[in-house]
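We're numbering straight along the sequence, starting at 1.
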Amino acid sequence: MSAPLAHLLAMIAGWCTWPVDAAARAAAQLPGAELSVPPGAIGAAASGLAVAICVALTFAARLKLRMPVLAGVAVLAAIAVPLVPRLVAPHGPGDWIVVACDVGQGDGMLLRSGPRSAVLIDVGPEDGPGPACLRRYGVTRIDLLIITHPHADHEGALPQVLGQIPITQAWISPAENEEPTAATRALEASGVPITVVHTGARAKVGAVTVTALAPDGDAVGEGSTGLNDASIATLSTVEGVTVLGLGDLEREGQRELARRLGPIVVDVVKVPHHGSDRQEPELAALVSARVAIVSVGAHNTYGHPSPDALTLWGARAGVLVRTDACGDVVITPGPALVTSCPSGMAG
């Protein structure tokens, strides 16, 4: 057979398969066309169940056993229904070491201290997605909880977290200790040991080492600004990855930290105060980072993040990412630190 004839027959065959291809592409775009199945025994069992149901229904029609098979399928479906939320929920990568959780307008960061445990820096707002982030990444114990300062977008979800995961110990800001909040009372009621933290405090928990860089002393300024400047700032190391967390420090707190800090090179920096316009160039100039993270809620009413903050910190990092655009920002071992975020996010 000549090559031109073979080419012609292949073209005709391609035209014949075009409707099938078009239908498949259209179906793939429909809601529910794709189902994420978790790894492990649950995912394997769910996949096997789906295949078994399809096979059973196919042969039931041919062998006229539709009613008995349908009854069996109904029983299997009733058993499987409780598993559906676990199947369709997003699951984080198993090799994560740092996660900036998408908690909306607030903060929540995980540092992996063990196979199923973490250091948790802030928990996000009340009734927010902070607790779901812990479940998503398989955290069943919090080795150290750090509440950077007493604002609802950082500590509001603590009762929900306490209700589902044990907490070994907690660090709180002097501002939290000066005027105990519902979060402090909840920790005390649960019997969680609490430490009021100042500059120089240090803890080694599992794979994580964390050192407090601020606040320096017990003084707390007035109003919301004073509470922000009493934030616990931290320098942490987990599996060789360094993370600088700057809480909600505002200009005065950032200037004070800059006077003590000196130049610092880290893998990750959490930008202060959700990228507000209250940024101190003196501090940013000291920091060099591979990744800068802005923890911020989409369409918030505060104007966060400000363009100036994105420009300032984007110039200090290889890439700048935002939870309102990326969702969870996941740091994994190896040369490529950031996953699960679109490219082109540099500020």
Quick one: pull up [atom1] in [X] and [atom2] in [Y] and give me the separation to the nearest 0.5 Å.
X: Leu235; Y: Leu244; atom1: CG; atom2: CG; result: 6.0 Å
X: Glu256; Y: Leu213; atom1: CD; atom2: CG; result: 12.0 Å
X: Asp328; Y: Asp102; atom1: CG; atom2: CG; result: 6.0 Å
X: Ser236; Y: Lys270; atom1: OG; atom2: NZ; result: 12.5 Å
X: Asp107; Y: Asp122; atom1: CG; atom2: CG; result: 5.5 Å
X: Ile146; Y: Glu155; atom1: CD1; atom2: CD; result: 14.5 Å

Any donor-acceptor N or O pair under 3.5 Å, side chains [X], [Y]:
X: Arg251; Y: Gln279; value: no
X: Asp143; Y: Ser117; value: yes
X: Asp153; Y: Gln105; value: no
X: Glu176; Y: Thr181; value: yes

Path from [X] to [Y] over hydrophobic side-chain contacts below 4.5 Å:
X: Ile121; Y: Val197; answer: yes
X: Ile293; Y: Val103; answer: no
X: Val329; Y: Val98; answer: yes

Quiz prompt | Cys133 to Val99 - nearest heavy-atom pair and separation | solution =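 Scanning both residues, the minimum pair turns out to be SG-CG1, 4.2 Å.
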
Practice problem: Compare every heavy atom of Pro333 with every heavy atom of Ile97, then report the nearest pair and how far apart it is. | Solution: CG2-CG, 4.0 Å

Quiz item: Taking atom CZ of Arg316 as the centre, does the number of heavy atoms from other residues, nucleotides or ligands within less than 6.0 Å exceed 12?
Solution: yes

Quiz item: Above 12 or not: heavy atoms from other molecules or residues under 6.0 Å from CD of Glu179?
Solution: no

Return yes if some donor-acceptor pair links the side-chain N/O of [X] with the main-chain N/O of [Y] below 3.5 Å, else return no.
X: Ser190; Y: Leu187; value: no
X: Asp308; Y: Thr311; value: no
X: Arg290; Y: Val319; value: no

Practice problem: For side-chain hydrogen bond (donor to acceptor under 3.5 Å, both in side chains), just list the numbers for Asp216 and His198, CA-CA rounded to whole Å, side-chain angles, deciding distance to a tenth of an Å, and then say yes or no. | Solution: CA-CA 6 Å; Asp216 186 26; His198 306 88; over 6 Å; no

Self-check item: Verdict with supporting geometry, Leu144 and Leu120, side chain to side chain contact (heavy atoms under 4.5 Å, CB included)
Solution: CA-CA 6 Å; Leu144 172 62; Leu120 175 59; over 6 Å; no

Quiz item: Ion pair present between Glu252 and Arg259, side-chain N to carboxylate O less than 4.0 angstrom?
Solution: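 Judged by the 4.0 Å cut-off on N to carboxylate O distance, Glu252 and Arg259 do form a salt bridge.
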
May I ask you to test the [X]-[Y] pair for a side-chain heavy-atom distance under 4.5 Å?
X: Leu227; Y: Pro150; value: yes
X: Cys101; Y: Leu110; value: yes
X: Ser276; Y: Ser306; value: no
X: Leu310; Y: Arg322; value: yes
X: Glu250; Y: Glu280; value: no
X: Pro305; Y: His274; value: no
X: Thr242; Y: Val268; value: no
X: Val210; Y: Trp171; value: yes

Exercise. Go through Arg278 and Gln254 one step at a time and tell me if the side-chain hydrogen bond (donor to acceptor under 3.5 Å, both in side chains) criterion holds.
Key: CA-CA 9 Å; Arg278 298 167 183 173; Gln254 292 175 46; over 6 Å; no

Quiz item: Is the His151 ring parallel, tilted or perpendicular to the His149 ring (thresholds 30°, 60°)?
Solution: perpendicular

Quiz item: Taking the six-membered ring for Trp, are Tyr137 and Trp96 parallel (under 30°), tilted (30 to 60°) or perpendicular (over 60°)?
Solution: perpendicular

Quiz item: Does the pair Val294 and Val321 meet the rule for a side chain to side chain contact (heavy atoms under 4.5 Å, CB included), with working shown?
Solution: CA-CA 6 Å; Val294 182; Val321 291; over 6 Å; no

